[in-house]
Amino acid sequence: MTTTTIDRSRDLSQPLDKLGPDERMKDASDYLRGMIADGLLDRITGAVPSADDVKLMKFHGIYQQDDRDLREERRRQKLEPAYQFMIRVRLPGGVCTPAQWLKLDALARAHGGETLRITTRQTFQFHWVLKHGLRPIIRGLHEALLDTVAACGDDSRGVMCTVDPQASAFHAEVAATAKRVSDHAIPKTRAYHEIWYGDARVAASEPEEPFYGRTYMPRKFKIGFALPPSNDIDVYAQDLGYIAIGGPDGLDGFNVAIGGSMGRTDQAPATYPRLASVIGFVPTERLLACTDAVMAVQRDYGDRKDRQHARFKYTIDDKGLDWIKAEIERRMGAPFEDPRAFAFTSNGDSYGWNATPDGRHHRTVFIENGRLDLKLLDTLRDVARIHRGTLRLTPNQNVIIAGVAEDDRAGIDAVLGRHGLEIDRVSTLRRNAIACVAFPTCGLAMAESERYLPHLVGKVEAILARHGLSDEPITVRMSGCPNGCSRPYIAEIGLTGRAPGKYNLYLGGGFHGQRLNRMVRENVGEPVILEVLEDVLGRYAQERLPGERFGDFTIRAGIVREVTEGRFFND
Ligand code: SRM
Ligand code: SF4
């Protein structure tokens, strides 16, 4: 990224001691080194002893967690919590080779509790990794040309990209662009190489972080590329969303959308989800300059005192969209062009076999809530052993076996059939359902999500069947807390955890991720959720207009009031 930038935490007349503790921690970390290497050697505890290092490790893609199912029991036994780690891989656009898949699979079997998780941002997570398993995993990933740099932390996170190769003739071009932006925007510190690969520190005359400076971003920053007509990545939930626009000769450039994000806190009404605002169009050759300019505005003006108010959406709403746009243009050295026309018609995945413009084929395998258990690991390992294309992770937590030659299709089908996956026998509702991880690994979970949604979907399937709606695609997303890792605030049916067995219920989101939903019940259990859905879905079956989506119906019928701006979400 550009080298002319400076560390604004020093520059904005905000002395470091007036900023939040995380800013001081980043500043003192020697570009993300901290004492992580020493902490890994400590054999007395399963944790990393320094709280600052626990935070710094997030920039390296690693979260310290403990098994929450065992917390109480271990407390009673006066044992330390059952510490273990989550490792998130950096996988721009969710694409990997069969060889990389086999490596991930082997590492998960050896050190990751024989499971992998496909995340809502198209990457893999290892869970259940013990401290001594961290280096073997990261070095193993390195052998497969993979890493975990900036998969978490106050930096540019995993860059998403519409994954379905059928979505557009210039899909490959956009996917390559997303990868370029990811490489461009990740931190440049050598700390990762020193700590995890054992590289020696080399003195350099160049600044170690020419763009980020010593204190990185005020908060996480998320970039995603969507290819209309598919909005599978939920472009309006990104801090910086690019919407690919084609011309007669292929890719012309991108509409630019800024300020999307989901996270909110139940007891803090000043926090809200916000959809990204489309501010203009940039030609492809100006894309990196645009990325730099947008990120620099957030880096320099984002709130570094209050992390609850530090995401780009708040910077935009505080300063005003027009001011932010002008500042981006000034730094980019060019004005935005007017946004080009585009239309989204879906945000789900296509199932079964589909053909791509290059004459190849791809097939989506349904993975409920992205959880690859041993059975699915076995199945996909057998696929990877014979597959000659790529494997792609979708933002809906599924896997696409992509780039299959006509002659190879039968072999793939035979493997899936041998493992009992010859067809996806799941309902339309289940295919459009997403759950975050939540218990037992997520330290922030207030209620179950991944382990509970399959059960709830079964009950809603019965309601749909009673009303003749079984084939109706309806998006349902559950998060175990209001942070919204499943992007629940843009689902037609959204659920966020409040306490064990208790959820907020939201209705009215746009099917293509284009409209926020609104809370209709607060802190309720399964009986109330089902009662409300029975009533509203029953009305939908009776009163809907031809082709009307469920979310649109709830608004037209006056069941929920439309949310026009994120900041009015809590009205
Ligand atoms: Fe998330 C924090 C899991 C996508 C908003 N998220 C967490 C942590 C790391 C909990 C923590 O901080 O200790 C969770 C780890 C759980 C575990 O055991 O694995 C976690 N987030 C996930 C994943 C794995 C959910 C999933 O089931 O797939 C997703 C990983 C994506 C990736 O590959 O990078 C995941 N998280 C999201 C998304 C969706 C997206 O980005 O498209 C969001 C909403 C969009 C947004 O950023 O607003 C999201 N996660 C959050 C937040 C709220 C951020 C905020 O600004 O308010 C937190 C908490 C925080 O950062 O303080 C959080
Ligand atoms: Fe954890 Fe909450 Fe994210 Fe679910 S939404 S993974 S419970 S932080």
Side-chain angles (χ1 to χ4, degrees), residues 22 54-55 58 61-68 84-92 94 115-129 148 150-160 218-224 232-239 241 259-266 268 271-276 302 307-314 367 369-371 393-397 434-453 477-490 494-498 503 513 566:
D22 285 52
V54 170
K55 286 184 182 172
K58 297 182 185 182
I62 301 166
Y63 276 79
Q64 181 172 302
Q65 304 180 320
D66 70 285
D67 184 338
R68 295 187 62 185
Q84 28 96 12
F85 295 81
M86 176 269 270
I87 303 183
R88 190 179 287 163
V89 178
R90 186 168 62 93
L91 198 70
T115 176
L116 278 170
R117 186 125 191 325
I118 299 171
T119 74
T120 53
R121 292 187 70 81
Q122 300 176 281
T123 191
F124 295 97
Q125 278 183 188
F126 296 90
H127 285 112
W128 310 110
V129 181
T148 65
C152 321
D154 297 345
D155 44 30
S156 164
R157 299 290 190 93
V159 173
M160 297 180 79
R219 202 70 161 85
K220 56 177 81 168
F221 192 88
K222 298 183 171 178
I223 302 177
D232 59 347
I233 68 145
D234 281 324
V235 72
Y236 301 114
Q238 313 289 327
D239 291 283
S261 146
M262 296 283 97
R264 60 181 285 272
T265 304
D266 282 317
T271 61
Y272 49 81
R274 182 188 192 282
L275 296 187
R307 285 181 69 79
Q308 263 201 4
H309 186 256
R311 289 295 290 273
F312 193 25
K313 60 185 169 188
Y314 301 119
I367 312 289
N369 300 326
R371 177 61 66 187
L393 310 187
T394 81
N396 292 293
Q397 305 169 309
I434 301 182
C436 74
V437 183
F439 286 104
T441 55
C442 179
L444 305 179
M446 298 170 171
E448 294 284 352
S449 184
E450 177 192 324
R451 298 195 293 196
Y452 170 59
L453 186 63
R477 295 178 179 181
M478 173 176 277
S479 283
C481 82
N483 284 318
C485 298
S486 60
R487 300 183 288 269
Y489 306 114
I490 38 183
L495 291 144
T496 61
R498 286 296 291 264
Y503 298 84

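Atoms within each ligand, like the ligands themselves, are counted from 1 in listed order.
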Checklist entry - What are the atoms of ligand 2, with element, lying closer than 4.0 Å to any heavy atom of G480? => result 4 (Fe), 7 (S)

Item to check | ligand 2 atoms in contact with S479 (distance to a heavy atom under 4.0 Å) | outcome: 5 (S)

Next on the checklist: Set out, in order, the CA-CA distance, both residues' side-chain angles and the distance that settles side-chain hydrogen bond (donor to acceptor under 3.5 Å, both in side chains) for S486 and T120, then state yes or no.
Outcome noted: CA-CA 6 Å; S486 60; T120 53; over 6 Å; no

Checklist entry - Non-hydrogen atoms of H127 versus ligand 1: any pair closer than 4.0 Å? => result yes

Item to check | Atom indices of ligand 1 within 4.0 angstrom of K222 heavy atoms, with elements | outcome: 36 (N), 37 (C), 38 (C), 40 (C), 41 (O), 43 (C), 45 (C), 46 (C), 47 (O), 49 (C)

Next on the checklist: Does ligand 1 come near enough to T123 that some N or O of the ligand is less than 3.5 Å from an N or O of the residue?
Outcome noted: no

Checklist entry - Heavy-atom contacts under 4.0 Å between K220 and ligand 1: side chain, backbone, both, or neither? => result side chain

Checklist outcome for this item: Quick note on ligand 1: atoms under 4.0 Å from a heavy atom of C436 include exactly 27 (O)

Checklist entry - Quick one: do R264 and D266 make a salt bridge, cutoff under 4.0 Å? => result yes

Checklist entry - Can you find an N or O of V437 that's nearer than 3.5 Å to an N or O of ligand 1? => result yes

Next on the checklist: When you compare ligand 1 with Y63, is there at least one nitrogen or oxygen pair between them that comes in under 3.5 angstrom?
Outcome noted: no

Item to check | Ligand-side contact atoms (ligand 1) for residue partner R219, heavy atom cut-off under 4.0 Å | outcome: 60 (C), 61 (O), 62 (O)

Next on the checklist: Using a 4.0 Å cut-off to any heavy atom of M262, which atoms of ligand 1 qualify?
Outcome noted: 44 (C), 45 (C), 46 (C), 48 (O)

Item to check | Pairing of D239 and R219 as salt bridge, 4.0 angstrom limit | outcome: no

Checklist entry - Considering only heavy atoms, which of A435, C436, G263, C481 lies nearest to atom 6 (S) of ligand 2? => result C436

Next on the checklist: Under 4.0 Å, heavy-atom basis, I'd like to know which part of L444 is in contact with ligand 1: side chain, backbone, both or neither.
Outcome noted: side chain

Item to check | Those atoms of ligand 2 less than 4.0 Å from some heavy atom in A445 | outcome: 7 (S)

Next on the checklist: Need the ligand 2 atom indices (1-based, order shown) with element for anything under 4.0 Å from a heavy-atom of G484.
Outcome noted: 5 (S)

Next on the checklist: Is there a polar contact, in the sense of an N or O pair closer than 3.5 Å, between R264 and ligand 1?
Outcome noted: no

Checklist entry - Side chain, backbone, both or neither: which part of C485 comes within less than 4.0 Å of ligand 2 when only heavy atoms are counted? => result both

Next on the checklist: Check this for me - ligand 1, T120, N or O atoms closer than 3.5 angstrom, yes or no?
Outcome noted: yes

Checklist entry - Hey, does R157 sit under 4.0 Å from ligand 1 if you only count heavy atoms? => result no

Checklist entry - Can you tell me the protein heavy atom closest to atom 1 (Fe) of ligand 2 and the distance? => result C442 SG, 2.3 Å

Checklist entry - Looking only at N/O atoms, are R121 and ligand 1 under 3.5 Å apart anywhere? => result yes

Next on the checklist: So for G484, does at least one of its heavy atoms come nearer than 4.0 angstrom to any atom of ligand 1?
Outcome noted: yes

Checklist entry - Should R117 be listed as contacting ligand 1, given a heavy-atom distance under 4.0 Å as the test? => result yes

Checklist entry - Hey, is ligand 1 close enough to I118 that some N/O pair sits below 3.5 Å? => result no

